[in-house]
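Because the structure is a prediction, the values reported are computed rather than measured. All values below were derived from every heavy atom in this structure, side-chain atoms included, with hydrogens, water molecules and symmetry-related copies excluded.
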Amino acid sequence: ASDVYKRQEGLRHDWLQLHDRQTGGVMGLFPATWNLPLRFMHTLDKKNKVVKYARGRLVGWELQDVDKERVAGNTDAELVLLRMPRKLFVALTTNPLATGEKQDAVYVCAVSPMKVTCYRDAACNAPVIRLGFPVVPDFAGTIHNYTDQCPETKNVDLTAVDGTPRVEHQ
């Protein structure tokens with residue numbers, strides 16, 4: 001029995017080392033903080049542009065009753081919830097596709113936890129079902145990702161580091 005236990009613990013250790021991309025895009029631990037930049041890992045609503053890799057900001061959450069009671073009156077800087085929130089509310093920051101116009105109204109998406117099946121290996125052995133939110137923190141991006149995020153600032157200065165920008169360079 002101890003050999004089986006050691007093998008299971010080894011597999012568990014290996015599983016915990018996997019990147020979230022290898023576990024169906026659902027994070028094991030989610031650091032929910034106000035205004036956290038997020039990226040969607042699944043398409044949830046094509047009509048409202050809540051598509052895979054769309055960006056947003058966390059603007060609220062709906063807690064389970066047990067956590068509502070714990071949060072009320074709590075003055076700690078951090079609090080680990082006992083239960084997963086019922087919903088996250090994410091304000092989209094991705095502009096509508098194929099337009100250079102700013103959004104007048106910000107669309108806020110209610111994101112519920114979803115079940116995702118992932119596998120321990122490429123041969124699809126040992127399926128694992130994870131329950132979590134289909135969003136991940138988004139602190140980085142490429143120029144291609146951010147081009148449509150701020151249409152009024154699409155000019156890029158490609159002057160040499162020691163060069164002087166001039167009007168004719170625009």
Side-chain angles (χ1 to χ4, degrees), residues 5 8-97 102-120 126-154 156:
Y5 177 77
Q8 286 177 338
E9 281 301 305
L11 292 173
R12 180 179 174 277
H13 178 268
D14 293 346
W15 175 258
L16 293 173
Q17 302 306 311
L18 295 177
H19 190 280
D20 291 327
R21 288 186 193 143
Q22 296 170 293
T23 60
V26 174
M27 297 182 66
L29 180 64
F30 185 78
T33 59
W34 179 258
N35 213 24
L36 176 72
L38 298 172
R39 182 182 302 247
F40 287 89
M41 298 308 293
H42 295 273
T43 296
L44 302 179
D45 181 359
K46 286 184 183 179
K47 178 184 169 208
N48 291 303
K49 309 290 190 258
V50 184
V51 295
K52 188 172 183 177
Y53 303 128
R55 288 193 163 85
R57 293 208 170 261
L58 185 62
V59 295
W61 42 79
E62 182 182 328
L63 299 178
Q64 301 281 350
D65 292 337
V66 66
D67 286 318
K68 283 181 188 176
E69 293 171 11
R70 290 181 62 232
V71 170
N74 189 319
T75 59
D76 294 341
E78 293 182 3
L79 179 70
V80 176
L81 301 176
L82 296 176
R83 302 278 186 263
M84 183 180 301
R86 288 188 177 107
K87 293 181 183 175
L88 297 179
F89 297 100
V90 180
L92 287 186
T93 57
T94 303
N95 284 335
L97 301 175
K102 276 188 152 184
Q103 289 176 306
D104 292 330
V106 175
Y107 179 73
V108 176
C109 176
V111 182
S112 298
M114 63 186 293
K115 288 183 182 179
V116 176
T117 302
C118 43
Y119 299 92
R120 191 175 55 82
V128 176
I129 297 173
R130 294 188 81 172
L131 177 67
F133 293 100
V135 293
V136 294
D138 183 35
F139 296 111
T142 66
I143 188 66
H144 303 291
N145 295 129
Y146 285 104
T147 300
D148 287 336
Q149 298 300 309
C150 303
E152 70 278 0
T153 60
K154 283 188 179 178
V156 177

*Asks:* Distance check, rounded to the nearest 0.5 Å: Tyr53 atom OH versus His42 atom NE2?
*Replies:* 9.5 Å

*Asks:* Could you tell me the separation between the CG atom of Leu81 and the CG atom of Leu63, rounded to the nearest 0.5 Å?
*Replies:* 5.5 Å

*Asks:* Side chain of Asp67, backbone of Leu82: donor and acceptor closer than 3.5 Å?
*Replies:* yes

*Asks:* Run the side chain to side chain donor-acceptor pair (under 3.5 Å) test against Arg86 and tell me which residues pass, sequence neighbours left out.
*Replies:* none

*Asks:* Taking all heavy atoms of Leu131 and all of Pro113, pick out the closest pair and write down the distance.
*Replies:* CD1-CB, 3.8 Å

*Asks:* Starting at CD of Glu69, measure out to CG of Asn74 and round the result to the nearest 0.5 Å.
*Replies:* 13.0 Å

*Asks:* So how far is it from Lys87 NZ to Phe133 CZ, rounded to the nearest 0.5 Å?
*Replies:* 10.5 Å

*Asks:* What's the verdict on side-chain contact (heavy atoms from CB on, under 4.5 Å) for Arg70 and Leu79, showing C-alpha distance, side-chain angles and the deciding distance?
*Replies:* CA-CA 9 Å; Arg70 290 181 62 232; Leu79 179 70; 3.3 Å; yes

*Asks:* Check the pair Leu44 / Val111 against side-chain contact (heavy atoms from CB on, under 4.5 Å), numbers first and verdict last.
*Replies:* CA-CA 8 Å; Leu44 302 179; Val111 182; 4.2 Å; yes

*Asks:* With no hydrogens and no angle check, is any side-chain donor or acceptor of Arg55 less than 3.5 Å from a backbone partner on Thr93?
*Replies:* no

*Asks:* State which residues pass salt bridge (Lys or Arg N to Asp or Glu O under 4.0 Å) with Lys68; sequence neighbours excluded, sorted by chain then number.
*Replies:* Asp65

*Asks:* State which residues pass side-chain contact (heavy atoms from CB on, under 4.5 Å) with Val59; sequence neighbours excluded, sorted by chain then number.
*Replies:* Trp34, Phe89, Ala91, Val108

*Asks:* With distance as the sole test, does Gln64 use its side chain to make a donor-acceptor pair with the main-chain N or O of Met84 at under 3.5 Å?
*Replies:* yes

*Asks:* Do the non-hydrogen side-chain atoms of Thr33 and Leu58 ever get within less than 4.5 Å of each other?
*Replies:* no

*Asks:* Taking side-chain contact (heavy atoms from CB on, under 4.5 Å) as the test, write out the residues that go with Thr43, two or more places apart.
*Replies:* Lys46, Val51, Lys52

*Asks:* Under the rule for salt bridge (Lys or Arg N to Asp or Glu O under 4.0 Å), what residues qualify as partners of Arg83, not counting sequence neighbours?
*Replies:* none

*Asks:* If I take atom CG from residue Leu36 and atom CG from residue Asp138, how far apart are they, to the nearest 0.5 angstrom?
*Replies:* 9.0 Å

*Asks:* If the condition is salt bridge (Lys or Arg N to Asp or Glu O under 4.0 Å), which residues does Asp76 pass it with, not counting sequence neighbours?
*Replies:* none

*Asks:* Considering non-hydrogen atoms only, spot the tightest contact between Pro137 and Pro31 and give its length.
*Replies:* CG-CG, 4.1 Å

*Asks:* Please round to the nearest 0.5 Å and tell me the distance separating atom NZ of Lys49 and atom SG of Cys109.
*Replies:* 14.0 Å

*Asks:* Could you check Phe40 against Leu38 for side-chain contact (heavy atoms from CB on, under 4.5 Å), going step by step and ending with a plain yes or no?
*Replies:* CA-CA 7 Å; Phe40 287 89; Leu38 298 172; over 6 Å; no

